[in-house]
Undergrad: 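Can you read through this structure? Questions will come right after.
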There are 2 protein chains.
Amino acid sequence: MPHAKQTLNIGHLLQACKECSLAELCLPRGLSEAEVEELGKVVSRQVTLQPGETLFRPGDRCNMIYAVRSGSMKSFRLTEDGGVQILGFHLPGELFGLDGLDTHLHHCEAVALETTRICELSIDELEKLCCTHVALHHEILRVIGREISAEHELLLLLGKKRAEERLAAFLISLCKRFCQRGGSGEKINLPMTRQDIGNYLGLAIETVSRLFARFQEQKLITVQRRQVWIHDTERLGEMAGLDG
Amino acid sequence: MPHAKQTLNIGHLLQACKECSLAELCLPRGLSEAEVEELGKVVSRQVTLQPGETLFRPGDRCNMIYAVRSGSMKSFRLTEDGGVQILGFHLPGELFGLDGLDTHLHHCEAVALETTRICELSIDELEKLCCTHVALHHEILRVIGREISAEHELLLLLGKKRAEERLAAFLISLCKRFCQRGGSGEKINLPMTRQDIGNYLGLAIETVSRLFARFQEQKLITVQRRQVWIHDTERLGEMAGLDG
DNA sequence: CCGATAGCTTGATCCATATCAATGACTTGT
DNA sequence: ACAAGTCATTGATATGGATCAAGCTATCGG
């Protein structure tokens with residue numbers, strides 16, 4: 001897969017943060033109108049990726065953080081023997097690319113799951129802006145904190161939960177996130193393959209498939225390929241051991 | 001275990017960052033002398049914990065980040081059913097407590113493994129200082145980046161590695177970190193129990209014990225209770241799948 | 001010095017999940 | 001409409017590490 005990026009930088013950016021419907025989920029949350037306008041200027045460009053295209057890979061210079069405008073991404077780390085561990089899936093309004101803040105080089109790879117639009121934000125510019133806008137500084141720390149929390153959650157899941165609990169937690173998490181983005185909470189359209197789900201949860205693809213079947217038998221969900229209807233959030237939550 | 005803290009704030013802090021021998025491992029790395037002096041003022045106090053004492057627990061207000069002055073800590077997350085997942089061990093010069101940056105409440109608990117001195121740094125003060133000292137701002141981002149990288153590493157380990165690889169990676173990582181702190185790299189004194197190691201690595205205590213025995217048979221290490229001599233870093237590294 | 005306790009080791013058995021193997025269901029291109 | 005490829009399901013079998021059980025070894029208080 002080539003390291004392809006397709007830039008859609010038509011003169012001025014057509015849609016900066018000010019007009020973006022995702023503002024409340026993304027960095028602008030809680031900023032004043034003037035601050036959001038400033039933030040919009042930091043969006044250096046927007047990029048569109050086709051399914052399977054790579055945004056960055058290990059060793060790439062890390063000057064930007066990225067926000068999903070539409071579509072979805074996965075980021076994953078590689079072992080030297082060709083193994084993969086998916087670290088997260090990124091939905092519209094979510095930020096990613098914070099790894100590599102230490103060495104200024106990315107350690108992981110980010111790939112589009114579907115046709116995906118990305119906003120690129122210059123880290124340097126953001127940093128400067130933080131000095132004059134305290135609210136933005138706080139927002140950025142909040143985003144970082146959320147990232148760290150999410151990773152702790154996943155560590156708990158991989159280290160301590162059984163297969164059933166893992167998948168339940170995964171479904172609940174996705175469901176919540178799609179709800180925040182205007183989904184009904186009834187139906188989810190999975191942007192990732194079973195392979196991706198299994199990899200992320202530390203399970204074999206067959207195990208994921210069997211669990212989907214079992215959850216369906218138990219009337220918790222209905223599965224049809226990538227479409228999942230959630231019938232019993234309550235019980236799924238209990239299975240997941242809640243706090244996910 | 002009571003939520004005990006014993007403050008050693010004798011008038012002025014006896015030893016701020018300027019005189020600290022760990023400076024090069026901790027936040028002051030790469031700062032000018034004047035900046036280090038400023039940073040020292042942000043260390044609001046130093047705390048000494050006895051083995052098993054808690055520094056913070058889930059739900060506690062998160063205003064500080066912490067640096068280990070001497071001794072060692074573990075931080076872990078709890079499941080609602082009483083389960084534990086250790087998220088990390090913290091050695092002298094390392095910073096921790098970055099979880100909770102999002103909600104300003106800690107999600108995890110931090111406990112001393114031995115008698116441990118901690119420097120507390122006010123997040124608000126640090127934030128202010130960042131605006132006037134770019135180098136400090138970069139340092140903080142570096143520390144955050146390192147935290148995120150370390151967590152990705154652990155995710156890879158828990159998700160994809162076999163028991164043997166996990167323990168090898170763990171030993172290599174500890175060895176490196178003790179070396180940076182002036183250790184010989186020959187001998188490690190483990191500050192944590194087998195229970196802790198197993199929990200951290202997602203293994204049963206018995207498995208850890210058996211692996212130690214096997215590594216010893218293979219002449220890779222010598223184990224005597226909490227003392228470990230590393231004989232063959234090379235091969236351990238290979239077993240770990242390197243990049244740990 | 002002795003008993004109690006916490007931490008560790010070692011052996012025997014079991015089980016959750018991986019792995020192997022085959023088939024089915026969409027999707028895409030010709 | 002068919003061939004080929006990718007993705008998903010389902011069944012049979014294997015296994016790495018958990019769990020259960022017993023004993024060992026420092027350490028500490030009295």
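Convention: sequence-line order gives letters A, B, ...; per-chain numbering from 1.
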Undergrad: Tell me the interatomic distance from B/Gln216, atom CD, to C/dT9, atom C1', rounded to whole angstroms.
TA: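 To the nearest whole Å, that distance equals 12 Å.
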Undergrad: Taking only the side-chain heavy atoms of A/Arg210 (C-beta and beyond), determine which of D/dG11, D/dA18, D/dA21 contains the nearest atom.
TA: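 Nearest nucleotide to the side chain: D/dG11.
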Undergrad: Please check if any side-chain donor atom of A/His90 sits under 3.5 Å from a side-chain acceptor atom of A/Ser72, or the reverse.
TA: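 Judged by distance alone, the side chains do not pair up.
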Undergrad: Report the distance from atom CZ of A/Arg162 to atom P of D/dT19, rounded to the nearest whole Å.
TA: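 One finds 11 Å between P of D/dT19 and CZ of A/Arg162, rounded.
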Undergrad: Ignoring the backbone of A/Ala204, work out which of D/dG17, C/dA18, D/dA18 is nearest its side chain.
TA: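 Minimum distance to the A/Ala204 side chain belongs to C/dA18.
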Undergrad: Check whether the side chain of A/Glu206 and the base of C/dC20 form a donor-acceptor pair under 3.5 Å.
TA: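 It does, because a donor-acceptor pair links the side chain of A/Glu206 to the base of C/dC20 below 3.5 Å.
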Undergrad: Can you check the B/Leu203 CG to C/dT9 C1' distance for me, whole Å?
TA: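 It is 16 Å, rounded to the nearest whole Å.
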Undergrad: Tell me: CD1 of A/Ile197 to C1' of D/dC7, nearest whole Å?
TA: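 Answer to the nearest Å: 12 Å.
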Undergrad: Tell me which nucleotide among C/dG7, C/dT10, C/dT27 gets nearest to the side chain of A/Arg225.
TA: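 For the A/Arg225 side chain, the nearest candidate turns out to be C/dT27.
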Undergrad: On DNA chain C, check which nucleotide each of A/Ile205 and B/Arg226 is closest to and give me the residue with the more 5' one.
TA: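 Its nearest nucleotide being more 5', the pick is B/Arg226.
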Undergrad: Whole angstroms only, please: what is the CG-P distance between B/Leu211 and C/dC8?
TA: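 It works out to 15 Å between those atoms.
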Undergrad: Please give, in whole Å, the distance from C/dA6 C1' to B/Gln195 CD?
TA: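 The answer, rounded to whole Å, is 11 Å.
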Undergrad: Does C/dT17 have OP1 or OP2 under 4.0 Å away from a side-chain N or O of A/Thr207?
TA: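 Answer is no, no contact under 4.0 Å.
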Undergrad: Hey, is the side chain of B/Gln224 pairing donor to acceptor with the base of C/dC8 inside 3.5 Å?
TA: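 In this structure, the two groups form no donor-acceptor pair.
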Undergrad: Remember a base hit wins even if backbone is also touched, and classify B/Gly198 as base, sugar-phosphate or nothing at under 4.0 Å, heavy atoms.
TA: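 Nothing: the residue B/Gly198, judged by heavy atoms under 4.0 Å, touches no strand.
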Undergrad: Does a distance-only test, which skips hydrogens and angles, find a donor-acceptor pair under 3.5 Å between the side chain of A/Arg214 and the base of D/dT9?
TA: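 Looking at the base of D/dT9, it does not pair with any donor or acceptor on the side chain of A/Arg214 (distance under 3.5 Å).
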Undergrad: Going through the distances and angles, do A/Glu109 and A/Thr54 end up as a side chain to side chain donor-acceptor pair (under 3.5 Å)?
TA: CA-CA 7 Å; A/Glu109 179 161 347; A/Thr54 293; 3.0 Å; yes
Undergrad: Identify whether any heavy atom of A/Ser209 sits under 4.0 Å from a base atom; if not, whether one sits that close to sugar-phosphate; answer base, sugar-phosphate or nothing.
TA: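 Base contact.
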Undergrad: To the nearest angstrom, how far is B/Phe215 atom CZ from C/dT9 atom C1'?
TA: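 It is 16 Å, rounded to the nearest whole Å.
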Undergrad: Mind calculating the distance between CG (A/Leu167) and P (C/dA16) to the nearest angstrom?
TA: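 Atom CG in A/Leu167 sits about 17 Å away from atom P in C/dA16.
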Undergrad: Taking the ring centre of each residue, are B/Phe56 and B/Tyr66 less than 6.0 Å apart?
TA: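 Yes - the distance between ring centres of B/Phe56 and B/Tyr66 falls below the 6.0 Å cut-off.
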Undergrad: Which of the following nucleotides, C/dT17, C/dC8, D/dT9, is nearest to the side chain of B/Arg194?
TA: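 Given the options C/dT17, C/dC8, D/dT9, the side chain of B/Arg194 is closest to C/dC8.
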Undergrad: Thinking salt bridges, do B/Arg177 and B/Glu94 make one under a 4.0 Å N-O criterion?
TA: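 Counted as a salt bridge, because a side-chain N and a carboxylate O are separated by less than 4.0 Å.
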Undergrad: May I ask you to say whether B/Glu206 pairs ionically with B/Arg194, meaning some side-chain N is under 4.0 Å from a carboxylate O?
TA: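 Salt bridge absent between B/Glu206 and B/Arg194.
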